[in-house]
Amino acid sequence: MCGIVGYFGQKDPKEVIVGGLKRLEYRGYDSAGVAILDGPMGQQHIKVVRAQGKLAELSKKLEHEKFTGRLGIGHTRWATHGVPSERNAHPHTVEGVSLVHNGIIENYQDIKRTLAASGATFTSDTDSELVAHLLSRKVKETGDLLKAVDGILPLLRGAYAIVAMWEKQPDVLVAFKNGPPLVIGLGEKEVIVASDVQAIISHTNKVVYIDDHEIAFVKGADLKVFTAGGNSIKKEIQTITWSADQVEKAGFKHFMHKEIHEQPRAVANACAPHIDLAAKVVRLHDVGLTDAQFKKIERIFIIACGTSYYAGVAGKYVIEKIAQVPVETDIASEFRYRSPVIPPNTLVVTISQSGETADTLAALRLAKKMGALTLSICNVRASSIDREADGRIYMNSGPEIGVASTKAFVSTLAVLNLFSVYLGSVRGQLAKNEETNIVENMLALPAQMEAVLSYDKFFGEAAMKLKDYRGVLFMGRGVSYPIALEGALKLKELAYMHAEGYAAGEMKHGPLALIDDRMLILMVCPSDEHYEKSLSNLEEARARGGKIMSIGTGDDAALKAVSDDYLSLPVANWMVNPILAALPVQLLAYHVADAMGNDVDQPRNLAKSVTVE
Ligand code: M6R
């Protein structure tokens, strides 16, 4: 849940590390720090600079700092053990050994007791400092950082990605992991170790992904990878296809706003590999599962967290209707800790933008252990979930940097639509003309999304009204229900306003009691089979003095008549409506949060990639 960077090379390590941390700040932003070698050759020592708060605070402190060494590490933190403060910020350094850590050492109390009993004193409240103590002791025995890492690994339990340096080996970095991601960029006479390729891409597009229980040994500009115990492993060098420009704001005030506007392209890219344009059919080539396997499926579980989970809820509606396969949706942190029953011929679909969410990864592993066939829908290629699933479909959204997920959500909805069509078609549940109709709607979708986004300013004006309310009740029926859930989540995480997502049919069963003129009802009510019922719910709310903002199709006079504000979407197929309706709910949350002066890209207390429980 933190961002880590390590560097060895001919460039200024301070610039490379801070530049990399800037790209990783989405992972955590309560404190940051660097440890870089300094001093004359032969007598170099580690100089550490750390600061509480966002990376900008560290940058201020580093402005006039110069380092003579070529080796360093850096970290941007999302606190787990110990409050956000300078003393808890990484890197943690003990007698010439410095390290940065992403994750949680679960047996830290045992380690701390043992260390304290043998005289160690601590300068922070973190679990990470304890690993620095263990390493500094071990390196005294072994005289070599790689051997020291190998020696302490059996002592560590939990999830971690760690990069360590030792001032006695001024051209060596050792990185090791269990859980959180680690990727290593191989540039021209330089090596960059990071939590994510975004910190690497402006230097090189050649990368090696480190797997759990592997140890990466960087000496000079060379990389070697070992198992615990010292066996050498041959790793594949992969080429990243993203460009550095994709991780810039391109004139937008926030990444989130840019990413909302990138959604038509994201949806087109998500669909492109799977649509045969000439035949107007869906083909799921290269997903790693066969038609025979798809035909055998009797039940599907969709498992994910947060926004990805809400995309999964939408998937349930479309898969059940189009492919006639029963679907259960589950929150990953619930699935993994109950006793799920997975009947034979079950497909478990895990959805994760980052591909690293700890609960979703654990759920995937559990499902595999229980014999389910697994399919991942991820954005980040070669992420843990992507690699571990039996089959994979990509969101293809490009890098998503805003902590609040937007384009990954709509890309997932698009992918799930195509998946349901393919499943329906191979199982003989979907007629060719119906498939053609859905494909045509999917192909027309990016242009319709552009049209909705051209009303950005209008959604911004509507958003200003949200500030007057003490809360917002988002509601919808059918496939609009997950959009209500997602709209409420966006408002919570960005505007810090209380909001709830409800199935509109549930209104009478409790939420109606909330309704007064300080509670806004936001009804997602496109013209589909649920329209009449949603309209009746609005009448009931209005009769009780409720204030209503609705999202509907075209120029809907009846809906307008019961609404204080009305936001219009183009006429579209029912499967496409949720993708269109996602845009105004995202923009409402974005604009109100921006007007409130909130940090839209990095909302308080959150981090993008939740690699710890
Ligand atoms: O990377 P994932 O899709 O697995 O992440 C899941 C959630 O943590 C994520 O969707 C979270 O809810 C976002 N902040 C929502 O905007």
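Small disclaimer: the values here were computed from a predicted structure and weren't measured. All ligand and atom numbering here is 1-based and tracks the order in the structure.
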R299 bridged to E328 by N-O distance under 4.0 Å | yes
Atoms of ligand 1, numbered as shown, that sit under 4.0 Å from any heavy atom of [X]:
X	result
V403	13 (C), 14 (N), 16 (O)
E493	13 (C), 14 (N), 15 (C), 16 (O)
K490	15 (C), 16 (O)
S352	1 (O), 2 (P), 3 (O), 4 (O)
S405	15 (C), 16 (O)
T307	10 (O), 12 (O), 15 (C), 16 (O)
S308	2 (P), 3 (O), 10 (O)

For ligand 1, is L606 a contact, meaning one of its heavy atoms is under 4.0 Å away?
-> no
Measure the distances from the heavy atoms of E356 to every atom of ligand 1 and state whether one is below 4.0 angstrom.
-> no
For F255, check ring-ring contact (aromatic ring centres under 6.0 Å, His included) against everything at least two apart and list the hits.
-> none
Test item: side-chain donor near acceptor, [X] and [Y], under 3.5 Å:
X	Y	result
S384	E356	yes
E486	T307	yes
N396	R265	no
D127	Y160	no

Identify the protein heavy atom lying closest to [atom], giving its residue, its atom name and the separation to 0.1 Å.
atom	value
atom 6 (C) of ligand 1	C305 O, 3.3 Å
atom 1 (O) of ligand 1	S354 OG, 2.7 Å
atom 8 (O) of ligand 1	V610 CG2, 4.0 Å

Assess whether ring-ring contact (aromatic ring centres under 6.0 Å, His included) is satisfied between H591 and H257, documenting all intermediate values.
-> CA-CA 9 Å; H591 284 295; H257 201 200; 5.4 Å; yes
Is there at least one pair of N or O atoms, one from T357 and one from ligand 1, spaced under 3.5 Å apart?
-> yes
With rounding to the nearest 0.5 Å, note down the distance linking OG1 in T76 to CZ in R27.
-> 10.0 Å
Return a table of donor-acceptor pairs under 3.5 angstrom between the side chains of residues 407-416 and protein atoms on other chains or two or more places apart.
residue, atom, partner, partner atom, Å
K407, NZ, E262, OE1, 2.6
K407, NZ, S397, O, 2.9
K407, NZ, P399, O, 3.0
S411, OG, S397, OG, 3.0
S411, OG, K407, O, 3.0
T412, OG1, A408, O, 2.6

